[in-house]
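Lettering follows sequence order; numbering is per chain, from 1.
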There are 4 protein chains.
Amino acid sequence: MPLSDKQIKAMEQKREKILQQAIILFAEQGYESTTIAKVAKASGVSFGSVFTYFENKDQLFYHAVTEPLNTVFKVDLLDFDPEAEDLLNEIKNMIDKHIRIFIEMRTYLQLVVQVIGQHTKFPEPFKELDEFSLEFIQKLILMITNAQRRGILEESEADLTAKAYLGFLLGIRLTFTDYAVSYIWEKLKIPAFQLLYPKR
Amino acid sequence: MPLSDKQIKAMEQKREKILQQAIILFAEQGYESTTIAKVAKASGVSFGSVFTYFENKDQLFYHAVTEPLNTVFKVDLLDFDPEAEDLLNEIKNMIDKHIRIFIEMRTYLQLVVQVIGQHTKFPEPFKELDEFSLEFIQKLILMITNAQRRGILEESEADLTAKAYLGFLLGIRLTFTDYAVSYIWEKLKIPAFQLLYPKR
Amino acid sequence: MPLSDKQIKAMEQKREKILQQAIILFAEQGYESTTIAKVAKASGVSFGSVFTYFENKDQLFYHAVTEPLNTVFKVDLLDFDPEAEDLLNEIKNMIDKHIRIFIEMRTYLQLVVQVIGQHTKFPEPFKELDEFSLEFIQKLILMITNAQRRGILEESEADLTAKAYLGFLLGIRLTFTDYAVSYIWEKLKIPAFQLLYPKR
Amino acid sequence: MPLSDKQIKAMEQKREKILQQAIILFAEQGYESTTIAKVAKASGVSFGSVFTYFENKDQLFYHAVTEPLNTVFKVDLLDFDPEAEDLLNEIKNMIDKHIRIFIEMRTYLQLVVQVIGQHTKFPEPFKELDEFSLEFIQKLILMITNAQRRGILEESEADLTAKAYLGFLLGIRLTFTDYAVSYIWEKLKIPAFQLLYPKR
DNA sequence: AATGAATGAGGATTCATTCAT
DNA sequence: CATGAATGAATCCTCATTCAT
C-alpha cells in the first residue's frame with residue numbers, strides 16, 4: 001500500500017524539522033554533546049523516529065552539514081557574475097550579499113567552523129565543504145583576475161587574495177560572536193573590500 | 001619530608017607533557033572525543049596520574065586553553081608599540097610577527113577556535129580568551145588611531161578595523177587548514193596590511 | 001503508540017523484581033557494596049535496565065527504603081485501635097502483630113537500621129522513616145494514655161514508654177540476628193508487654 | 001638502632017589518634033565512604049602513615065571495632081556482680097551504668113550497630129562482638145537467675161530476658177538518635193528495669 | 001511508520017595500595 | 001619512619017542502537 005501524498009508530505013516535514021533542530025544543537029553543543037534524545041525532543045518526535053529518517057548519528061551530522069550547504073549556502077554564495085559589465089558594482093554587491101549571508105546563517109556557520117576546525121574528525125562532511133570552498137575560490141579568482149585586468153583592483157596573487165577573503169568571512173564570524181551584529185556587519189564591507197586591494 | 005628538587009622538576013616535566021598532549025588531542029579531536037585515557041597514553045603515564053596533576057577533565061581543558069594563552073600567546077601578540085617612532089615599520093613588523101605566531105601555533109589555535117565557536121559550552125576558558133581579545137583589540141585601536149593621526153593609515157573606525165584584523169587572523173587559520181603554509185603566510189602580510197587601510 | 005497492558009504489566013513486574021533484589025542487597029551489603037551490576041544480575045536484567053526504572057543509585061536506594069515503608073510496613077504497624085473497647089486485648093494483639101512484622105520483615109529492617117544508624121549519610125530516606133516513627137509514636141502514646149486512664153497500665157511518661165517500645169522492637173532485630181527466630185519471638189511478647197508497665 | 005622511648009610514645013599516640021578518627025569516620029560515614037585519606041587528614045598525618053600503623057583498610061576497621069570493645073566497653077559492661085549481697089541494688093546500679101555507657105559511647109555504638117546489622121559483610125569484627133555478647137548474656141543470665149531465686153525478679157526464661165535486655169540497650173541507641181539525650185536516658189532506667197520483670 | 005524498553009560499550013572518576021625518596 | 005606520586009581495579013552513568021509491539 002503506497003503512502004498517500006499527505007503522508008509523504010508529513011514525513012518530509014518531520015525529516016526537515018529533525019534536521020533543523022539537529023543543526024542548531026550540533027552547532028551550539030558540538031557532535032558528542034548533542035544526543036539523539038535531545039534532537040528528538042526538540043523536534044517533538046520519539047528518538048526512535050530519528051532513526052527512521054537518518055541511518056545513524058553520523059549520517060544525521062553529515063546531512064546537517066551538507067544539506068544547507070547544497071541548497072541555500074552554495075547557491076547564495078556563488079550568486080555573482082565574474083564577467084559582469086559593471087564589475088566594480090558587481091564586486092560591491094557580492095560583498096554585501098556575502099556578509100549578509102554570514103549574518104543570517106550564524107548557526108549553520110558555527111557548525112561549519114567546527115567541521116573545518118576538526119576536519120580529521122569529520123572527514124566526510126569536511127570533504128563536501130572543502131570541495132565547495134574550492135569551487136568558491138575558483139569563481140572568486142576569476143572575478144578578481146578580471147577586475148585586475150580591467151584596472152578595478154591592483155595586481156596581486158588572485159588565489160591568495162581569494163583565500164584571504166574567504167578567511168576573513170569565516171574569521172569575523174568568530175570574532176563578532178553573538179552581538180546584535182547587523183549594524184556592525186554593515187560596516188564590515190569596507191575592510192572586506194580593502195582586502196581585495198582596490199585601485200584608488 | 002619535602003620532595004627533592006629533582007623530583008619536583010620531574011613532576012613539572014610530567015605535568016607539562018600531559019598538558020602538551022592534551023592540547024594536541026583537544027585541538028584535533030575536540031573535548032569529548034579526547035579521553036583521559038588517550039591523553040595518558042600519549043603522555044606515557046597511567047590515566048590515574050592525569051588526575052594527580054589536574055583535578056578533572058574540565059580543569060585539564062581549562063589549563064590547556066589558558067596556559068599557552070597566558071604564557072606565550074598573550075606576550076607575543078601584545079609585543080608591539082603603538083607609540084613607536086617609526087610607526088609604519090612597527091605596524092609591518094607587528095603583522096609579520098602576528099602571522100608568524102598564527103603559523104607556529106596552529107594546533108593551539110585550533111583549540112581556540114573551538115572555544116570561541118562553542119563558547120556557551122566552554123564559558124570559563126572562553127572568558128579568558130574574551131578578556132585577552134579585548135586587551136588585544138584595545139592596544140590595536142591605540143596603534144591604529146595613532147597611525148591615522150600621523151597620516152600612515154586612512155581614516156576608519158579604529159574599533160571595527162581592529163576587530164576585522166583579529167577576525168582575519170583567526171579566519172585564515174581556518175581557511176589554510178593544514179598546508180605546509182609558511183610560504184603562503186609570508187604573502188598574507190599584504191592583505192593583512194590592506195585591511196588596516198593604509199595611505200598610498 | 002501506547003504500550004499494551006501486557007507490556008505495562010511486564011514492566012511493573014520487572015521494576016518490582018529489581019526493587020526487591022535491591023532491598024536484599026542493600027540490606028545485606030550496604031549502600032556502597034551494592035553495585036548496580038549486582039542488582040541487575042540478581043534481577044536478571046542488564047545493568048542498563050536498572051536505569052530505565054530508577055534514575056540513579058541514590059533513587060534506587062530511596063525507593064528501596066520508602067516503598068515497603070509506605071505500602072506494607074506503615075499500614076501493618078499502625079493497624080491497632082487506641083480507642084478499642086477491650087484495650088488490654090487490643091494491646092496484646094498489637095504486640096503480637098508488631099513482633100510478627102519484625103520477624104517477617106527481617107531483611108527490610110536491616111535496611112532500616114542502616115538508614116537510622118547512619119542517618120547523616122542518608123538524609124532523604126531517613127526523613128521518611130523519621131516521619132513515620134513520629135506518627136507511630138503518636139498513636140502509641142494515645143493508646144498508652146488511654147490504657148493508663150483505664151487502669152490497664154501503670155502511670156508512666158507515655159512518650160518515653162512509646163519510644164522505649166519502638167527501641168525494643170528495633171533492638172531485638174539486632175540482637176537476634178539470624179536465628180530461625182519465630183519461636184523465640186513468640187516469647188518476646190512478654191518483655192515487650194512488661195515494657196509498657198502493665199498493672200498486675 | 002632501637003627507637004627511643006620518646007619515639008615509641010610518639011608513635012603510640014599517633015596510632016591512637018588515627019584509630020580514634022577512624023572510629024568516628026567509620027561510625028558516621030560507614031566503611032566504604034570512609035577513605036584512608038579522610039582518616040589521615042582528620043588525624044593530621046599523611047595517608048602513607050596510616051599504612052605504617054595498620055596493614056590495610058580492613059585491619060583498620062577491625063581494630064576500630066575491637067579495640068574499644070576489649071578495653072573500655074567490655075570491662076565497663078561486665079562490671080557487675082551476679083552474686084552481690086544486695087542484688088536488687090546491684091541490678092539497679094548495673095542498669096544505671098549500662099545506660100550511661102550507651103550514652104557516652106554513642107559514636108562507637110553506631111559502629112557496632114553497623115557491624116551487627118551487616119554481619120555477613122564484616123565477619124571478623126562481628127565474631128568478636130558476637131563472642132562478647134555471648135559472654136555478656138551469660139553473666140546477665142547468672143544475675144537474673146539469682147535474682148529470680150531470691151524473689152527479686154519474677155520467673156521468666158532468663159536467656160530470653162537477658163537478650164531482650166541487650167536488644168533494648170541497642171535499640172534505644174537507634175531510637176533516640178542524636179537528642180541531647182542525657183535527661184531522657186535517665187528516665188529509661190524504668191522500662192529497662194521493667195524488662196527484667198521485677199517483683200512488685 | 002512510531003514508539004520506547006533493553007542492551008552494553010565506553011568514559012570519568014575514586015581510592016586502596018605500593019614503593020621510591 | 002614519613003611522605004605522597006603512581007597505578008589501575010572498580011564503579012556509576014550516558015547514550016547510540018536494536019528490535020518487539
Side chain to side chain, F122(D) and I116(D), heavy atoms closer than 4.5 Å: no
In whole angstrom, give the distance that lies between atom NZ of K6(C) and atom C1' of dT3(E). 17 Å
Check the distance between dA6(E)'s P and I36(C)'s CD1 and give it to me in whole angstrom. 15 Å
Just by distance, with hydrogens left out, do Q118(B) and Q114(B) show a side-chain donor and acceptor under 3.5 Å apart? no
For DNA chain F, the expected dot-bracket line (Watson-Crick or G-U under 3.5 Å, [ ] crossing, | inter-strand) is .||||||||||||||||||||
For F126(C) and H119(C), take the angle between the two ring planes, folded into 0 to 90°, and tell me which bin it lands in: parallel under 30, tilted 30 to 60, perpendicular over 60. tilted
Q59(B) CD - dA12(E) P separation (whole Å): 15 Å
Sequence neighbours left out, what passes side-chain hydrogen bond (donor to acceptor under 3.5 Å, both in side chains) with E28(D)? Give chain and number order. none
Under the side chain to side chain contact (heavy atoms under 4.5 Å, CB included) rule, collect the residues that match up with E32(B), sequence neighbours excluded. E32(A), S33(A), K121(B)
Taking atom P of dA5(E) as reference, at what distance in whole Å does atom CE of M11(C) sit? 4 Å
From CG of D58(C) over to C1' of dC13(F), roughly how many Å is that when rounded to an integer? 13 Å
Q7(D) CD to dC1(F) P, straight-line distance once rounded to whole Å: 9 Å
Whole angstrom is fine here: how far is it from CZ in F61(D) over to C1' in dA16(E)? 16 Å
Can you see whether E128(C) engages Y62(C) through a side-chain donor-acceptor pair at a distance of less than 3.5 angstrom? yes
Where along residues 20-34 of chain A does a heavy atom come under 4.0 Å from DNA chain E, residue by residue in number order? none
Let's see if you get this right: which residues in residues 39-57 of chain D place a heavy atom under 4.0 Å from DNA chain E? F47(D), F51(D), N56(D), K57(D)
Going by atom types alone, do Q29(D) and K38(D) pair a side-chain donor with an acceptor below 3.5 Å? yes
Do you know which two heavy atoms are closest between L111(B) and I23(B), and how far apart they sit? CD2-CG2, 4.1 Å
List the atom of L25(D), the atom of A42(D), and the distance in Å for their closest heavy-atom pair. CD1-CB, 4.2 Å
Ring-plane angle category for Y31(C) and F61(C), please: parallel below 30°, perpendicular beyond 60°, tilted otherwise. perpendicular
Rounding to a whole Å, what distance do you find between K38(C):NZ and dA10(F):P? 11 Å
Under 4.0 Å between a side-chain N or O of K14(C) and OP1 or OP2 of dA6(E)? yes
For K17(C), what residues pass the salt bridge (Lys or Arg N to Asp or Glu O under 4.0 Å) criterion, not counting sequence neighbours? none
